[in-house]
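Notes for the one structure printed next.
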Amino acid sequence: MNPTEEIRTRFAPSPTGYLHIGGARTTLYNWLFARHYGGTFVLRIEDTDEVRSTVDSVTAILDSISWLGLDWDEGPLDLEREQGPYGSYFQMKRLPSYQEQIRKLLAEGKAYPCYCTKEETAAVRQETQAKGQPMPEDPCRRLSDAKRREHETAGRLPAVRFIMPDEGETVVEDLIRGQVHFESRLQPDLVIQKTTGGPTYNFACVCDDHAMRISHVIRGDEHLSNTPAQIRIYEALGWQPPKFAHLSMILGPDGTKLSKRHGATSTLEYRDQGFLPEALRNYLALLGWSTSDSKQLFTPEELFAAFDLPGCQKSPATFDPVKLNWMNGEYMRALAPADIVKRAEPFLKNAGLLPVPAGPPLIDVVALEREKFKLLPDVPGRVDFFYRETALTDKARKVLSAPEAKGVLSGLAELLGGFAPFMEKPLEEAIRGFCSAKTLKPGQVFHPLRAAVSGRTDGPTLFSMLELLGRETVVARLRKTAASLG
RNA sequence: GGCGCGUUCGUCUAGCGGCCUAGGACGCUGCCCUCUCAAGGCAGAGAUCAGGGGUUCAAAUCCCCUACGCGCCA
C-alpha cells in the first residue's frame, strides 16, 4: 500500500429498513480497514428510492452503527446535521450533481436516451437468447430524430443508457478475488438514469465515490457483476476508479441467504437480546475473515491492527448463533462486576430489579455469579432470587422430594436461627458439623438446602450465597419450604 | 438463459507444491476439579480437502471438465 495515498472507505446503505447483520459486517470491515491504515471512514445515505426510503430507517442505521461502537469520520450525525468536507452525505441532496454528469455524458455521445420499455427490452433479449445469438445493439443507440420525435409525441419518457464498449474486456482487479474478467460484448448498455429522471444506484454510487474521494470500495458480493460497468463510467467521466474488494455473503443455517426466517437479522435485535457490541463485532469480524493462526478473541486494538483484505474469505459464511453465544459469554466474563451491572441496566429495570430492592448489594451478587452470564438478560435471571422468592424449578422440587428433606430443612432452620456470625466459613463449618451429627452425607444436606433457599439446583457456591442472603431470609425460606413439604 | 463468483471437519476457518498421518475455534462425547451450575484443565470422535481428469518426482494447493450453491443482467 502506498503510504502517501489517503485511505478512504465508505458504507453506503439504502435507508429502506433496519441495518441487516450483513450490512453491519460490511460496515465493520470498511471501518476496520480505514482504522488499520489510519484512513477515513465515510457514511453515506443512498436514499434515492423515494418510495421505500424512510427517516426511521436512517435513524435505525445510525443507531445500529453507533451501538456497534463504529464511528464515522464523515457523514450524517443525525437527520439534519452532517460533518465532512464532501457533503451532502444524503444522495437526495446531491441530485443536481448526477444530472450534471449525465448531461456531460449525453453531450459527449457516451450515453443516449432510450425509449424502450422494460417489456420491449426483455422481449428482444429473450428472442436473441432463444436463437443463441450475441447481444444486439440497443435499438435506441442510433435513433433518428424523426423516430425520437415520434416517441416524444407518443408521450414516452426516456431512460438514459451508458454506452458500453463493443469489444475487448473489462478487468476488475479485486483485492479479495484477484482479477475478474468481463467480456464487453456481453455487457448491455447500463441504465444510468431512470424514466423518472432519477439516477440509478450504479451511477449515483460512482459519482459519489468519486466526489467523496473514496479510495477503496469494500462491499457485498452482489455488486461484483456491476463493477465493470462502473469502471467504464469512471473512465468515461475521466476519473480514476477506486480499488474494489467484494465480500462474500452471509448465509443462514440452511445455506440460503440470511434472512428474517432464520431469526434475528437486524443489528438492533442483538442489542435487545442482550449481546455485547464488542462481542458481536468480534464474531462478525471472524465471519469471513481470519488471521493465519485462527485467533478467535481480539481486543478492539488487536482487531484493527490485524485486519486486512487478504485475510478475507471468498466463499460465503454461515451465521452460527451458537458460536456468537459462546463469544458473548467470553466477553461477559471479562467484564468487571460493576460493568456488568451497568451494561445490564435496561434488563434489570425490565425485570423490576432496578432500583435494587432490599437485600444484598447487587454488585456482590453479580460478582458471585459473573462467570455464568452469557447474555445480559441472564443477569436478572440468575440474581432475582436474592431479592424475592421465586417459584421452585422442577429439579428443585425433585431434590426436595427426598424423604429426609423435610427433616433436614427443619433441623437447619433450628441450627441457623440464632447463628452468628452469619458468614461463609463459620456457616460451612457448622453445616458440615450438622451433617456428621445427623450421619447424613453432605449432598443430602447441601442439595435440599440450596433448593429451599434459592428455589433452584444451580447457583452460586452455597455458603457465600447463604451469607449474602442473610440469616433472616435463609431461615424464613427454610421454615416455609419445610412446612410446605407435607 | 447469458455472464460472474464460490466449494477443506456439523459450523467459522488455517493451508497459498514437499513441514498435512490436513492445524485451530465453536459445538459434541468422556475424564478431572467440585456443595450444584458454570468456568477451567485433559482426552476423544469428527474433513478420502465437491466429483473426475490432467501437470509434476510430489497437489487441498497449478490447469481443464462436470456437479452443486449463490449473485448480477434480464
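In what follows, chains are A, B, ... by sequence order, proteins preceding strands, each numbered from 1.
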Next on the checklist: Looking only at the side chain of Glu330(A) (C-beta and beyond, no hydrogens), which of the listed nucleotides C26(B), G71(B), G40(B) gets closest?
Outcome noted: G40(B)

Checklist entry - Mind checking who G17(B) pairs with, Watson-Crick or G-U wobble, both distances under 3.5 Å? => result none

Item to check | Separation of C68(B) P from Leu251(A) CG (nearest whole Å) | outcome: 18 Å

Checklist entry - Of the nucleotides U7(B), G71(B), U36(B), which has the atom closest to the Ser315(A) side chain? => result U7(B)

Checklist entry - Centres of the Tyr283(A) and Phe319(A) rings: under 6.0 Å? => result yes

Next on the checklist: Please classify the nucleic acid contact of Gly288(A) as base, sugar-phosphate, or nothing, using heavy-atom distances under 4.0 Å.
Outcome noted: sugar-phosphate

Checklist entry - Contact class for Met327(A) vs. all strands (heavy atom < 4.0 Å): base, sugar-phosphate, or nothing? => result nothing

Checklist entry - If you look at every strand shown and take non-hydrogen atoms under 4.0 Å, does His181(A) touch a base, only sugar-phosphate, or nothing? => result sugar-phosphate

Next on the checklist: Taking pairing as Watson-Crick or G-U wobble with both contacts under 3.5 Å, can you name the mate of G1(B), or confirm there isn't one?
Outcome noted: C73(B)

Checklist entry - Between Arg382(A) and A38(B), does any side-chain N or O lie under 4.0 Å from OP1 or OP2? => result no

Checklist entry - NA contact type, Phe182(A), heavy-atom cut-off 4.0 Å: base, sugar-phosphate, or nothing? => result sugar-phosphate

Checklist entry - Under 4.0 angstrom, heavy atoms only, what part of the nucleic acid is Gln444(A) near: base, sugar-phosphate, or nothing? => result nothing

Checklist entry - Which is true for Gly443(A) with a 4.0 Å heavy-atom rule: it touches a base, it touches only sugar-phosphate, or it touches nothing? => result nothing

Checklist entry - Under 4.0 Å: is that the gap between some side-chain N or O of Thr318(A) and OP1 or OP2 of U11(B)? => result no

Next on the checklist: Rounded to whole Å, how long is the line connecting atom NZ of Lys395(A) with atom C1' of C35(B)?
Outcome noted: 16 Å

Item to check | Any-strand Watson-Crick or G-U partner of U34(B), both distances under 3.5 Å | outcome: none

Next on the checklist: Distance to the ring centre below 6.0 angstrom and angle to the axis at most 45 degrees; does that hold for Arg232(A) and Tyr234(A)?
Outcome noted: no

Checklist entry - Of Glu222(A) and Ser464(A), whose closest RNA chain B nucleotide lies nearer the 5' terminus? => result Ser464(A)

Item to check | Test ring pair (Phe, Tyr, Trp, His ring centres under 6.0 Å) applied to His223(A) and Tyr201(A), step by step | outcome: CA-CA 11 Å; His223(A) 294 111; Tyr201(A) 160 78; 5.3 Å; yes

Next on the checklist: Which nucleotide, if any, forms a Watson-Crick or G-U wobble pair with A45(B), using both distances under 3.5 Å?
Outcome noted: none

Next on the checklist: Within the 3.5 Å criterion, strictly below it, is a donor on His246(A) or Asp174(A) matched to an acceptor on the partner's side chain?
Outcome noted: yes

Checklist entry - Counting side-chain heavy atoms from C-beta on, which of A25(B), C73(B), A14(B) comes nearest to Asn226(A)? => result C73(B)

Item to check | Side-chain H-bond candidate by donor/acceptor type, Gln91(A) with Asp47(A), under 3.5 Å | outcome: no

Item to check | Selected nucleotide, minimal atom distance to Arg450(A) side chain, candidates C35(B), C5(B), A14(B) | outcome: C35(B)

Checklist entry - Between the side chains of Glu235(A) and Trp239(A), does any donor sit under 3.5 Å from an acceptor? => result no

Item to check | Asp320(A) vs Glu424(A), nearer the 5' end of RNA chain B by closest nucleotide | outcome: Asp320(A)

Next on the checklist: For G27(B), give the paired nucleotide (Watson-Crick: N1-N3 plus N6-O4 or O6-N4; G-U: N1-O2 and O6-N3; both under 3.5 Å), or none.
Outcome noted: none

Item to check | Atom-to-atom span, CG of Leu287(A) to C1' of C26(B) - whole angstrom | outcome: 12 Å

Next on the checklist: Considering every strand and a 4.0 Å limit on heavy-atom distances, what is the contact class for Arg333(A): base, sugar-phosphate, or nothing?
Outcome noted: sugar-phosphate

Checklist entry - Reckon Gln313(A) has a side-chain N or O less than 4.0 Å from the OP1 or OP2 of A14(B)? => result yes

Next on the checklist: Tell me which nucleotide, if any, is Watson-Crick or G-U wobble paired with A67(B) when both distances must be under 3.5 Å.
Outcome noted: U7(B)

Checklist entry - To the side chain of Asp458(A), which of A25(B), C35(B), U36(B) is closest? => result U36(B)

Next on the checklist: If you only use heavy atoms from C-beta on, which nucleotide in C35(B), G23(B), C73(B) is closest to the side chain of Pro188(A)?
Outcome noted: C73(B)

Item to check | Candidate nucleotides C5(B), U36(B), C72(B), ranked by approach to the side chain of Val180(A) - the nearest | outcome: C5(B)

Checklist entry - Are the side chain of Arg281(A) and the backbone of Leu68(A) linked by a donor-acceptor contact shorter than 3.5 Å? => result yes

Item to check | Listed nucleotide nearest any side-chain atom of Leu224(A), set C73(B), C35(B), G4(B) | outcome: G4(B)

Checklist entry - For Pro316(A), which contact category applies under a 4.0 Å heavy-atom criterion: base, sugar-phosphate, or nothing? => result sugar-phosphate

Checklist entry - Using purine N1 to pyrimidine N3 plus N6-O4 or O6-N4 for Watson-Crick, or N1-O2 and O6-N3 for G-U wobble, each under 3.5 Å, what pairs with A39(B)? => result none

Checklist entry - OP1, OP2 of A14(B) versus side-chain N and O of Ser290(A): anything below 4.0 Å? => result yes

